[in-house]
2 protein chains.
Amino acid sequence: MEVTVQVSDPEVARLCEARQILNRVGDKWSIAVIYALDGATLRFTELRREVHGISQRMLTATLRTLERDGLVRRTVHPVVPPRVDYELTDLGNTLRGTVCTLMTWAVNHADDIAKARAEYDARPAS
Amino acid sequence: MEVTVQVSDPEVARLCEARQILNRVGDKWSIAVIYALDGATLRFTELRREVHGISQRMLTATLRTLERDGLVRRTVHPVVPPRVDYELTDLGNTLRGTVCTLMTWAVNHADDIAKARAEYDARPAS
DNA sequence: CTGGATCCTATAGGATACTG
DNA sequence: CAGTATCCTATAGGATCCAG
């Protein structure tokens with residue numbers, strides 16, 4: 001979408017801009033791809049194996065966007081068959097820690113969330 | 001959607017589950033709402049003012065999901081006019097730090113990303 | 001192997017109007 | 001005030017086929 005919102009308060013504008021960025025980075029696959037590239041250089045197919053369930057189309061799209069945003073570096077080796085490597089850029093690396101923290105948080109609290117959902121769903125419809 | 005994927009490898013299964021959770025938490029508005037509730041108890045309308053651009057419908061939906069996931073506590077005061085307070089639960093608080101880090105990261109690197117995009121778009125179409 | 005191009009569907013999410 | 005209900009559109013994203 002990439003909608004630009006005009007707001008008078010510059011602080012608010014910054015937060016809105018930040019939200020847009022996070023919406024991008026936090027889309028369905030980006031986090032998983034960044035997580036997979038944590039400290040590793042991977043080829044397209046390797047990434048596809050690593051990020052289970054991603055379609056070819058979305059892996060391509062996600063990588064393109066991450067590359068455009070300067071988070072991932074794409075290196076094409078002029079060989080046959082083609083070989084393309086993906087790795088995090090310096091900017092991408094500034095996200096590594098947080099993304100890993102996020103993943104760990106999700107893994108560690110999956111049960112809590114599942115439990116909370118079960119309780120919520122079991123509550124009598126007010 | 002809430003698709004359950006069957007995978008043999010339990011480690012992979014955990015990561016897939018984590019991804020689903022992050023997809024939820026990382027949806028268009030959740031991060032912003034959690035960020036707004038960072039250390040604060042807010043009413044519906046206050047939240048709406050705080051999270052600029054969110055529609056009433058999406059604020060309600062986001063809050064419901066966060067409540068169901070056990071991240072946000074909703075307290076209804078039986079008064080007229082109605083008063084409903086929202087705050088982070090203990091579980092929600094375990095996300096505060098990371099969410100704030102994320103927001104800060106986005107604010108701090110918005111320029112880098114904008115620059116990267118401009119460069120990418122200026123590149124000759126390979 | 002690494003994609004691009006197409007097609008198609010489900011869904012997210014905005015706008016608006018109504019209610020206890 | 002704090003929602004719910006309805007309607008509608010854009011878009012995300014999967015499946016599939018093709019290509020250098």
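Crowding of B/Asp121 atom CG: a count of heavy atoms from other residues, nucleotides or ligands under 6.0 Å exceeding 12.
For D/dC1, neither phosphate oxygen OP1 nor OP2 lies less than 4.0 angstrom from any side-chain nitrogen or oxygen of B/Tyr86. Contact annotation: A/Ser55 side-chain N/O to D/dG13 OP1/OP2 distance is not under 4.0 Å.
No single ILVMFWY cluster, assembled from side-chain heavy atoms under 4.5 Å apart, contains both A/Ile31 and B/Val12.
Shown here are the side chain to side chain donor-acceptor pair (under 3.5 Å) partners of A/Asp111, two or more places apart in sequence or in another chain: there are none.
Nearer to the 5' terminus of DNA chain C, by closest-nucleotide assignment, is the contact made by A/Pro81 (compared with the other of A/Pro81 and B/Pro82). Position along DNA chain D of the nearest nucleotide to A/Asp27 versus B/Val84 favours B/Val84 as the more 5'-ward residue. Along DNA chain D, the nucleotide nearest to B/Glu46 and the one nearest to A/Trp29 differ in position, and the one closer to the 5' end is contacted by B/Glu46.
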If you restrict it to nitrogen or oxygen atoms, what contacts under 3.5 Å exist between nucleotides 4-8 of chain D and the protein, and what is each distance?
| from | atom 1 | to | atom 2 | distance (Å) |
| --- | --- | --- | --- | --- |
| D/dT4 | OP1 | B/Arg64 | NH1 | 3.3 |
| D/dT4 | OP2 | B/Arg64 | NH1 | 3.2 |
| D/dT4 | O4 | B/Gln56 | OE1 | 3.0 |

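The closest side-chain donor-acceptor pair between B/Trp105 and A/Thr98, if any, does not fall under 3.5 angstrom.
Side-chain atoms of A/Thr89 come within 3.5 Å of backbone N or O of A/Leu71 as a donor-acceptor pair.
Partner of A/Arg43 under the side chain to side chain contact (heavy atoms under 4.5 Å, CB included) criterion, chosen from A/Arg48, A/His77, A/Arg83, A/Arg49: A/Arg83.
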